[in-house]
Student: 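I'd like to ask some things about the structure below.
In what follows, every chain begins at residue 1, and chains take the letters A, B, ... in the order their sequences are listed. Note that the structure is a prediction, hence the values are computed from the model and not measured.
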Number of protein chains: 2
Amino acid sequence: MPDEKKPAFAGNITADDVAAEAGVSRWTVNRAFRKDASISSKSLEKVRIAAERLGYVPDLRAASLASDRSNLVALLIDDFANPHKLVMMERLTRILRREGWDILLVNTLDRADAGHALLNASQRRVDAVILIGIQFDDEVLDTALHARRFRKLIIFARTSRNPNTISIAVDDVHAMKEIANYVHERGFRRPMFLAGPRTSSAHLLRKETFVDYWRQHFGSEPETVSVSAYDPTLAADIVENTLAGRNKATLPDILVCENDALAIGATDVIRHKLGLRIPQDIAITGFDDVPQAEGANYRLTTYRQPLTDMAEYLVKVLGSEEDRDFDRLFQGTLMIRDSA
Amino acid sequence: MPDEKKPAFAGNITADDVAAEAGVSRWTVNRAFRKDASISSKSLEKVRIAAERLGYVPDLRAASLASDRSNLVALLIDDFANPHKLVMMERLTRILRREGWDILLVNTLDRADAGHALLNASQRRVDAVILIGIQFDDEVLDTALHARRFRKLIIFARTSRNPNTISIAVDDVHAMKEIANYVHERGFRRPMFLAGPRTSSAHLLRKETFVDYWRQHFGSEPETVSVSAYDPTLAADIVENTLAGRNKATLPDILVCENDALAIGATDVIRHKLGLRIPQDIAITGFDDVPQAEGANYRLTTYRQPLTDMAEYLVKVLGSEEDRDFDRLFQGTLMIRDSA
DNA sequence: TAGCATTTTGCTCCCGCGAGCAAAATTAAT
DNA sequence: ATTAATTTTGCTCGCGGGAGCAAAATGCTA
């Protein structure tokens, strides 16, 4: 007694069924669903009609198993408190899907979990792994690569020193020098650098570049403070503790932040807890250009990463057979707004 | 001439290789990697060692093909401008992964794309589809269900009237009544309701509930305004256009927003463009309790959804064989802060 | 219309693993 | 020690489709 009111679970319709219905062989049916296959328009039409009637769609697991191509990429991500992650995901998922790539999303809980996350992806036989998390330092990457079961490992929006990876990122060194120059030009003299987690080796680049460049060109040694995650809430706490009780003389005149997540947290606390005005009492710069940076509330001077270009480049890399590893740096744009 | 400096692509090691290495049969190797299988601890150990040496991990595509269980769920999402989506994704991915579910992420570009997105998921033979997008109205759902090739269709964080779906959501009706009562108690008399897209049939519930309840209990008819997406930037524009030029008498005394994304955009523009104080000149309430709602900048009075409980319930539903469809409503919590 | 080149179709043999059963090995009971 | 009960192991067959080749069908030329 079939349950009429509920749509049936149609998982068991196979190419053989369609073949029988259309009066062709199974292989002709499969060819009808492959874009490069040689098939006459007549049988294509017959198959289309039969497939439509039966509600058939090819099984990508089986296709993947037989062809050794999954058309799946794993996206390993963490750091969900950072609003920029949402932007990156949107851009990547949109462009990858447009090019026919499906995405396996893996939330990498912490550094110890990174290996499991990679293993997870391996078992699905993904064609490539894209890392947009921050937990993947060189040590983790090495063990991951040891047991690599995917063709490409791509680090997105972060530079990597590891020779066996492909990295697609903005040119941090160039960017931070541009920021440093801008800050100095605008007359700021006592910058403080607000950095992310110390463990995040790749991002150290921004801090190091800024501090070294400032020291060499403008003499003084900038103060630096570190937050244990790219989380506005944590940044707010640290900034409050660091700056509370300072007076005009001891307060930095600008807070240069490693990214917008930190800058946003800092802005909130500086205005509402410390009661200071931005940029008059203290200016702020960020990095990433998240959507809210442009809004009326923050008007944050920041550095825009060309995410769309980077994502387009990523799909090009995925499509190419070239398996030589390399890095690719993009140039961003300084977005000057009211905060500095 | 093997390339020594680069880790090999180890995709071709199969259970047969491990079997030969360990001196057992292929099936014993596979059993060693299944948790419910009957295997002696001696051969388990032998297999573990051999697998470790060869770098073997089972192929989940093949396992899925043979067992008709993929342990994969598709997560269909859109509306990336809404910060609450990031929170939902974090919670869902964390809990699903903990329970052994892998996630296929699909960015549903627009309403017309919804069908393709579902098809996409079908072809990977996912065990279930989770919808956290807003594009899925009843019409789209019906065509989706027509060709259903997955066992469960779950609508998360939204109620659905469709009888063939499972929905897990917060009790919007109860919530909006609670908000309406609170607003009235605090002495507000001229609320304006800021709603999301008119097409989003499910969310209409919040607006309708608030407006009807207010009219019935407190006499007056609240003004309502609609924004075409849950995007703070768009909300800001609409609010500015709507409220600009109004004086004390014509200005609403409180802006009740359908969710925090709208409330945040409204807050920014009310403060920085219209130059009004919150809550003295105009108060604001939201819905969702996104992380920034608690921050020093917004201090938003809003309604918290019990996301963790909802996600835990979701994995329970996924695990059960029960395929009767049903809805489950959760009770949230009114978070009273400074904005109202 | 014959003769040949070119498409189109069907087929064999895999891809890597699981269900379910029969044979073998181990353990328990008498 | 012998037999029965139980666990462990190996095996056949199938999951749904792809690569690559041979057979069949079609198009083209003279």
Student: Starting from C1' on D:dG16, measure out to CG on A:L54 and report it in whole angstrom.
Tutor: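 Rounding to the nearest Å, CG of A:L54 and C1' of D:dG16 are 16 Å apart.
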Student: Does anything in residues 307-316 of chain A pair up under salt bridge (Lys or Arg N to Asp or Glu O under 4.0 Å), and if so which pairs, sequence neighbours excluded?
Tutor: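 Qualifying pairs: A:R98-A:E312.
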Student: Starting at CG of B:N71 and ending at C1' of C:dC17, how long is that distance when rounded to a whole Å?
Tutor: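 For the pair B:N71 CG and C:dC17 C1', the rounded distance is 14 Å.
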Student: Within residues 38-49 of chain A, which residues have any heavy atom lying less than 4.0 Å from an atom of DNA chain D?
Tutor: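 When residues 38-49 of chain A is checked for heavy atoms under 4.0 Å from DNA chain D, there are no hits whatsoever.
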Student: For nucleotides 19-25 of chain C, which of its nitrogen or oxygen atoms have a protein nitrogen or oxygen under 3.5 Å away, and what is each distance?
Tutor:
residue: C:dA19; atom: OP2; partner: B:R34; partner atom: NH1; Å: 3.3

Student: Who are the salt bridge (charged side-chain N to carboxylate O under 4.0 Å, His left out) partners of A:E52, not counting sequence neighbours?
Tutor: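 By the salt bridge (charged side-chain N to carboxylate O under 4.0 Å, His left out) rule, A:E52 matches no residue at all.
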Student: Write down the distance between CG (A:D59) and P (D:dG17), rounded to a whole number of angstrom.
Tutor: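 These atoms are roughly 6 Å apart.
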Student: Closest approach to the side chain of A:N30, judged atom by atom: which nucleotide of D:dG18, C:dC17, D:dC15 is it?
Tutor: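 In terms of side-chain proximity for A:N30, the closest of D:dG18, C:dC17, D:dC15 is D:dG18.
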Student: Residues two or more places apart in sequence or in another chain: which of them pass ring pair (Phe, Tyr, Trp, His ring centres under 6.0 Å) with B:F80?
Tutor: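 Applying ring pair (Phe, Tyr, Trp, His ring centres under 6.0 Å) to B:F80 gives none.
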Student: Atom CG of B:L65 to atom C1' of D:dC13: distance rounded to whole Å?
Tutor: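 Going from B:L65 (CG) to D:dC13 (C1'), I get 14 Å.
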Student: Counting N and O atoms only, with roles assigned by atom type, does the side chain of B:D127 sit under 3.5 Å from a partner on the main chain of B:S70, one being a donor and the other an acceptor?
Tutor: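 At least one qualifying donor-acceptor pair exists.
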Student: Mind jotting down which residue pairs meet the ring-ring contact (aromatic ring centres under 6.0 Å, His included) criterion with at least one end in residues 43-64 of chain A? Sequence neighbours excluded, please.
Tutor: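 Qualifying pairs: A:F33-A:Y56.
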Student: Roughly, in whole Å, what's the span from CG in A:L60 to C1' in C:dC15?
Tutor: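 It is 15 Å, rounded to the nearest whole Å.
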Student: OP1 or OP2 of C:dC17 less than 4.0 angstrom from a side-chain nitrogen or oxygen of B:T14, does that happen here?
Tutor: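 Looking at the OP1 and OP2 atoms of C:dC17, one of them is under 4.0 Å from a side-chain N or O of B:T14.
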Student: side-chain contact (heavy atoms from CB on, under 4.5 Å) with A:A81: which residues, sequence neighbours excluded?
Tutor: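 A:D231.
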Student: Taking side-chain hydrogen bond (donor to acceptor under 3.5 Å, both in side chains) as the test, write out the residues that go with B:T308, two or more places apart.
Tutor: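 Per chain and number, B:T308 pairs via side-chain hydrogen bond (donor to acceptor under 3.5 Å, both in side chains) with B:R91.
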Student: For B:S40, check side-chain contact (heavy atoms from CB on, under 4.5 Å) against everything at least two apart and list the hits.
Tutor: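 Partners of B:S40 by the side-chain contact (heavy atoms from CB on, under 4.5 Å) criterion, ordered by chain and then number, come out as B:K42, B:S43.
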Student: Categorize A:F33 for me: base, sugar-phosphate, or nothing, with a 4.0 angstrom heavy-atom threshold over every strand shown.
Tutor: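 No contact.
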Student: How long is the line joining CG of A:N12 and C1' of D:dC15, in whole Å?
Tutor: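 Between C1' of D:dC15 and CG of A:N12: 12 Å.
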Student: Identify, with sequence neighbours excluded, every residue that meets salt bridge (charged side-chain N to carboxylate O under 4.0 Å, His left out) alongside B:R53.
Tutor: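 So B:R53 forms a salt bridge (charged side-chain N to carboxylate O under 4.0 Å, His left out) with B:E21.
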Student: Should B:R151 and B:D68 count as an ion pair when the cut-off is N to O under 4.0 Å?
Tutor: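 Salt bridge present between B:R151 and B:D68.
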Student: CZ of B:R125 versus C1' of D:dG16: gap in Å, rounded?
Tutor: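 Result: 9 Å.
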Student: Rounded to whole Å, please give me the gap between CG in B:D68 and P in C:dC17.
Tutor: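 Those two atoms, CG and P, are 18 Å apart.
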Student: Partners of A:R94 by salt bridge (charged side-chain N to carboxylate O under 4.0 Å, His left out), sequence neighbours excluded?
Tutor: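 Residues passing salt bridge (charged side-chain N to carboxylate O under 4.0 Å, His left out) with A:R94: A:E90.
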Student: Compute the angle between the rotation axes at the two ends of the helix from C:dT1-D:dA30 to C:dT30-D:dA1, each taken over five pairs, rounded to 10 degrees.
Tutor: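 End-to-end axis angle: 20°.
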